[in-house]
Amino acid sequence: EAGVAQSPRYKIIEKRQSVAFWCNPISGHATLYWYQQILGQGPKLLIQFQNNGVVDDSQLPKDRFSAERLKGVDSTLKIQPAKLEDSAVYLCASSQEVEQYFGPGTRLTVT
Amino acid sequence: AQSVTQPDIHITVSEGASLELRCNYSYGATPYLFWYVQSPGQGLQLLLKYFSGDTLVQGIKGFEAEFKRSQSSFNLRKPSVHWSDAAEYFCAVGPWAQGAQKLVFGQGTRLTINP
């Protein structure tokens, strides 16, 4: 069974630029999550999708972050414009029931 | 609001020694509890989970954890660590419900193994 795929693995951008991350969940998993993991901290949920609908986006900075999950499969997370404090690893996870399966993450550095 | 505290940021143990990583949670109802491991450059891998039944749960890689409701704790243990156990360990809590879960993670404990 293929795991959660994410791309790119690394990205370096300057502040005020935009960036997008892509996630392909495990086939058949209805729920998809985006987490932000700042260095030295645990992952923090940004947004949760159930199929292509948003379940929870209470911690998503909506003035600069956006996410979509077209057709209930792949998802993209966008940051525009980026700030220095957005430097982090962005993790995508998917689940069918309780257990969440995580992708390898995208490490974003904002300079 | 639910929260998770991992009091130890960094722990160093010798290979072959026993290990205990601490986790305390705050949650108003019966929680789901999880331990994940993260190796450098990798995503999180589930070690074990608890949501009901026997309070001592067994996981992968020889790990176990014990749920103590009276202490709001869910400590992770391993009788004898291997060099490959060096990683970051995260405790997480989620609500008791069917289906998808919103998890709250602790800040993590970095485990270093001395040869």
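What you are looking at is a predicted structure, and each value in this text was computed from that prediction instead of being measured. To find a chain, count down the sequence lines: A is the first, B the second, and so on, and within it residues start at 1. Just the heavy atoms: all of them, side chains too, but no hydrogens, waters or symmetry mates, feed the values below.
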Legend entry - For A/P43 against B/L44, the heavy-atom pair lying closest together: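 So the minimum-distance heavy-atom pair works out to CG-CD2, 4.1 Å.
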Inset, instruction - Can you see which heavy atom on A/Y35 is nearest to which on B/L103, and at what distance? - result: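 Shortest heavy-atom contact: OH-CB, 3.9 Å.
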Legend entry - For chain B, the option from A/G105, A/P104, A/A93 that forms the most heavy-atom pairs under 4.5 Å: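 Of the candidates given, the most pairs with chain B belong to A/P104.
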Legend entry - Pairs of heavy atoms under 4.5 Å with chain B: top-ranked of A/K44, A/R9, A/Q41, A/Q6: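 Option with the greatest count: A/Q41.
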Around [X], counting heavy atoms of other residues, nucleotides and ligands shown, do more than 12 lie under 6.0 Å from its [atom1]?
{"X": "A/L39", "atom1": "CG", "answer": "no"}
{"X": "A/L84", "atom1": "CG", "answer": "yes"}
{"X": "B/L56", "atom1": "CG", "answer": "yes"}
{"X": "A/K71", "atom1": "NZ", "answer": "no"}

Spell out, yes or no, whether [X] and [Y] are grouped together once hydrophobic residues are joined by side-chain heavy atoms under 4.5 Å, including indirect joins.
{"X": "B/V104", "Y": "B/F67", "value": "yes"}
{"X": "A/V110", "Y": "A/W34", "value": "yes"}
{"X": "A/I47", "Y": "A/L45", "value": "no"}

Legend entry - A/R107 versus chain B, the contacting section by heavy-atom distance below 4.5 Å: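 Neither part; nothing is under 4.5 Å.
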Inset, instruction - Heavy-atom distances under 4.5 Å only: say whether A/S58 touches chain B with side chain, backbone, both or neither. - result: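 It is the side chain, since no backbone atom gets that close.
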Inset, instruction - Take B/Q45 and A/Y101 through the side chain to side chain contact (heavy atoms under 4.5 Å, CB included) test and state the conclusion after the steps. - result: CA-CA 7 Å; B/Q45 180 184 21; A/Y101 296 81; over 6 Å; no
Inset, instruction - Any chance you could measure B/F34, atom CZ, to A/E99, atom CD, to the nearest 0.5 Å? - result: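 Between B/F34 CZ and A/E99 CD, I get 8.5 Å after rounding to 0.5 Å.
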Inset, instruction - Indicate yes or no: at least one non-hydrogen side-chain atom of B/F90 is less than 4.5 angstrom from one of A/Q37. - result: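 A side-chain contact exists here, since the closest heavy-atom pair is under 4.5 Å.
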Legend entry - Heavy-atom proximity to chain A below 4.5 Å, by part of B/Q38: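 Contact with chain A involves the side chain of B/Q38 alone.
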